[in-house]
2 protein chains.
Amino acid sequence: MHSSMNNGAYDSHQLLSKVATNNGHGEDVEYFDGWKAYDNDPYHSSNNPNGVIQMGLAENQLTFDLVKEWMLKNPQASICTPEGIDKFMEIAVFQDYHGLPEFRSAVAKFMGKARGDKVTFDPKRIVMSGGATGANETILFCLANKGEDAFLVPSPYYPAFNRDLGWRTGVKLIPITCESWNGFKITEQALISAYEDALQNNVRVKGIIVTNPSNPLGTVQDKDTLKMLVNFVNDKRIHLVCDEIYAATVFSLPRYTSVAEIVTDMPHVNLDLIHIVYSLSKDMGMPGFRVGIVYSYNDRVVTTARRMSSFGLVSSQTQHMLAAMLSDDEFVTRFLDTSRERLSRSEEISRVVSSPNLLHLNPLVSGLSQVGIECLKSNAGLFVWMDLRHLLEEATTEGELKLWRVIINDVKINVSPGSSFHCSEPGWFRVCYANMDDETVDVALQRIRTFVRRDKRETKPKTSLKKRKEQMQLGRLSFNNRRIDESSLMSPHNLLSPHSPIPQSPLVKART
Amino acid sequence: MHSSMNNGAYDSHQLLSKVATNNGHGEDVEYFDGWKAYDNDPYHSSNNPNGVIQMGLAENQLTFDLVKEWMLKNPQASICTPEGIDKFMEIAVFQDYHGLPEFRSAVAKFMGKARGDKVTFDPKRIVMSGGATGANETILFCLANKGEDAFLVPSPYYPAFNRDLGWRTGVKLIPITCESWNGFKITEQALISAYEDALQNNVRVKGIIVTNPSNPLGTVQDKDTLKMLVNFVNDKRIHLVCDEIYAATVFSLPRYTSVAEIVTDMPHVNLDLIHIVYSLSKDMGMPGFRVGIVYSYNDRVVTTARRMSSFGLVSSQTQHMLAAMLSDDEFVTRFLDTSRERLSRSEEISRVVSSPNLLHLNPLVSGLSQVGIECLKSNAGLFVWMDLRHLLEEATTEGELKLWRVIINDVKINVSPGSSFHCSEPGWFRVCYANMDDETVDVALQRIRTFVRRDKRETKPKTSLKKRKEQMQLGRLSFNNRRIDESSLMSPHNLLSPHSPIPQSPLVKART
């Protein structure tokens, strides 16, 4: 096979674009490397019981029984069944970038229901895009200029935001530093600080993008924080993009508040500045179907984003099926209720544990707690934000990655290190649990218990709190310039070959 | 509803990006306006027999009976049937940007068959993208830099290339002027002229993009032309992108040659420069399914394009179904044969006409010929390139658009004027016919006949050949700066509202 790998880097830089040759895709982080470790040695209860357990994948597999049951009862919703095939041609040729009217209506309705029916969405403002990945890029293309503008994003944040928001748009991302002392809430002080730092560096801030519920924290933004953000963008005449793709995963109090609800009480606000990104990848657990939505209150953004949706339309086959499914009110209500119930594991756990202080009742959180590992209190998402700061040899990014390698290679669990999420404090890890059954969670917990006990027996002198704080400062300062350790486990050169021997490499997940 | 339309243009320019506020999407051309005329008054044989006939849409509706038959015989290919539902979850959660291995293999095989089995394609080089629209943008993002680089494109060319190739990438398109004297073939002289003009204007040419078969011409590139293009890019060390989305529509001689076939005989060529764009929108008639393919011989481009495919993955539901369908050799062979047969209308017509000189045997071409309207000799595509130069009052773009408005408003047929395709000679029109049955073609022909006879009776003094040639020069010179006439029929302001009363506005077709 012909290969361009013989070309030197300089040569390739000339031949291809800057986008192709820069590292703006951001795939060279441990977040993606962890997936590779899983792919090389995937856990299976009987076939490979010592394999790596995949807890790096924010996938919602808990409610497919309901979806399959609905599908079998509604064969007319598919163009591939005897009951639905008469629509095959009409749907196969449909390529209007407004989308099927019934699809937009159904999605608008579902968006309202997923937010507790506190607010309605206008089908005319529903713009399709290729997954949340495409939706996030689309809104950035609409709002900010390459090489000139920046968006602020509270950290820790989703690792692939660098790719989705910045790679091809050329828009810079600037973190708003959030910290553990207040549960990683966004403070006005941190926001102003990030904004003013940008100005001092001659970077024009065009907006803020916030995930609500937060990925990786699993927490919801409270009303006061949202109002603060809305007032800030209104004062500065910049944009607020709320990525709400986990809206329906809120399984307990405090109740979820969408920015759509907040702005109805703020008549002074210029709605041209407010935009929502949505998707069915998390709330419905269907990332493969690539349903991303841009919802904007700004007419020009709606028009422009719709034109851009030509680059990432949802397959009409999928639009047609989901239009029918999401229009079924009874199904949607049952689906959302069941999904929340299963995410909180409330049924099973209420028999075993009775701690009203635990927001999270799932076996993972309680099991971790039993071996002295706490998670950030959360009530949403498909993951928990696990605090392993006390297990670090040194409170630096290097220390965090060292521990992470032990977890991957010895404990054989793929969790994602906080540094991949641009977390300013070393020692936090995102652990996903909605992509597996309870038995697998139990195996993972057993491994963690064994590891923690062994670690304790080794009685290494752990760092003092004072020392740790000093190291944290160091870690934070050195974070941006850290060299990524490329062990043999995670050589990007292997990963990036188009001829990967692992056709379903998880590196390549479009969005998790 | 809140509206941003109250904001002045200046204000919006500040608030949104340059991409959002420039006109790089290129929707403000008659090509799109014609669709609007159809949408406002669509022809229907019984319900609206005086409506506008849609001949502006390159849609292939001729072979759906075969697809539906196959689907009913293969219910396991769908995740929505009792036979296939066990795969629902596995497919719904699949978001690997390599795509399903069986999908890539099936597409690679289909690409070979669609090109007459003269060449094979490597599944490892198959990169998914959201339709040809997304595939074309992806390859440009990989190869050229915003604001610095240009691609050469032979004219006439597909109107939405401006959007697909240039809008968000910021890459400039420069026409290679092709003319009627040699059947609009690309000459080396025209190529060199375009290339050198660019250099003189300090624009860096990064490559050439060629449609083969040509849209709008319906002709195939001959081997010598392809070799000339390959040698040119090899000499200059720039790229050749071949958009081959109409490969399987070649229904008669000369036989089709893909660039993939040409380069196998040119061992001196640096294959890192050669790239193919493909799609199932035309050859299979399934634009709604958004299957776009980037196929590159350059490993770095494969890697980069695959990372970009996160923005436009094909729905896993659709991948799964097509993987099964396109792996069925017997079906694919029958499908391709039948499709070609029906495109040439060879069966029906052989009984009526026996002219060996007519490459096109379809009723449209012969019917037009009977009233003195000739089409460019062609053997591919879903359209013909109709020569109405003799009907122009003046041989300018204005004259062409004047005639076009008569055709739309009085003859009530939506055809697409050559100026939308950046054709250098006024008076050519693209007429699509594969989106309708023979009866509708007959109605269209009858209307054209009536129009031509009425036009003759009016005995207006037609322009002399000499005058026409002078005007053509004028038309060519003024083309780039022409102001688009915005009649009430085609106000872009109506078109661009997100609140269009026409949810399926054809403006919004992602690709035709």
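Within every chain, numbering begins at 1; the chains are lettered A, B, ... in the order of the sequence lines, protein sequences first and strands thereafter. The model shown is predicted, which means the values in this text are computed figures rather than measured ones. Both backbone and side-chain heavy atoms feed into the values below; hydrogens, waters and symmetry mates do not.
With respect to chain A, the highest number of heavy-atom pairs below 4.5 Å among B:G312, B:G147, B:C142, B:G131 belongs to B:C142. Among B:G285, B:G130, B:A20, B:G292, the residue making the largest number of heavy-atom pairs under 4.5 Å with chain A is B:A20. When each of A:E137, A:Q61, A:E83, A:H320 is scored by its heavy-atom pairs under 4.5 Å with chain B, the top score falls to A:E137. Of the listed residues (B:N60, B:T318, B:I79, B:N435), the one with the most heavy-atom contacts under 4.5 Å to chain A is B:T318. Between chain A and the residues B:M71, B:Q317, B:M286, the most heavy-atom pairs under 4.5 angstrom are made by B:Q317. By number of non-hydrogen pairs under 4.5 angstrom with chain A, the leading residue of B:N145, B:T304, B:V127 is B:N145. By number of non-hydrogen pairs under 4.5 angstrom with chain B, the leading residue of A:G84, A:S316, A:G134, A:A92 is A:A92. Chain A forms the most heavy-atom pairs under 4.5 Å with one residue out of B:M308, B:M284, B:K146, and that residue is B:M308. Between chain B and the residues A:I85, A:T81, A:D86, A:T169, the most heavy-atom pairs under 4.5 angstrom are made by A:I85.
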Worked check of side chain to side chain donor-acceptor pair (under 3.5 Å) between A:S315 and B:S315 = CA-CA 6 Å; A:S315 169; B:S315 169; 4.9 Å; no
Can you list the steps and then say if B:K206 with B:F151 is a side-chain contact (heavy atoms from CB on, under 4.5 Å)?
-> CA-CA 6 Å; B:K206 276 305 279 291; B:F151 256 69; 3.9 Å; yes
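Contact of B:E148 with chain A is made through the side chain alone, with heavy-atom distances under 4.5 Å. Only the side chain of A:L273 comes within contact range of chain B, with at least one heavy atom under 4.5 Å from a heavy atom of that chain. Residue contact with chain B, scored on non-hydrogen atoms closer than 4.5 Å, involves the side chain of A:H239 exclusively. Using a 4.5 Å cut-off between heavy atoms, A:P82 contacts chain B through both its backbone and its side chain. The contact between A:V67 and chain B is made entirely by side chain atoms (from C-beta outward), counting heavy-atom distances below 4.5 Å. In this structure, the portion of A:M321 lying under 4.5 Å from any heavy atom of chain B is its side chain and not its backbone.
Judged by distance alone, the side chain of B:Q319 and the main-chain N or O of B:V314 form a donor-acceptor pair under 3.5 Å. Put simply, the side chain of A:R204 never gets that close to the backbone of A:D149: no donor and acceptor are under 3.5 Å apart.
Residues B:L143 and B:H275 meet the side-chain proximity criterion, which asks for heavy atoms closer than 4.5 Å. Looking at A:F103 and A:V291, their side chains come closer than 4.5 Å, going by heavy atoms from C-beta outward.
Atom OH of B:Y297 and atom CG of B:N270 lie 13.0 Å apart (nearest 0.5 Å). B:T21 contributes atom OG1, which lies 6.5 Å from atom CG of B:L16 (distance to the nearest 0.5 angstrom).
Heavy atoms of other residues, nucleotides or ligands lying less than 6.0 angstrom from NZ of A:K68 number more than 12.
Ring pair A:F64/B:F88 is tilted by interplanar angle, where 30° to 60° counts as tilted.
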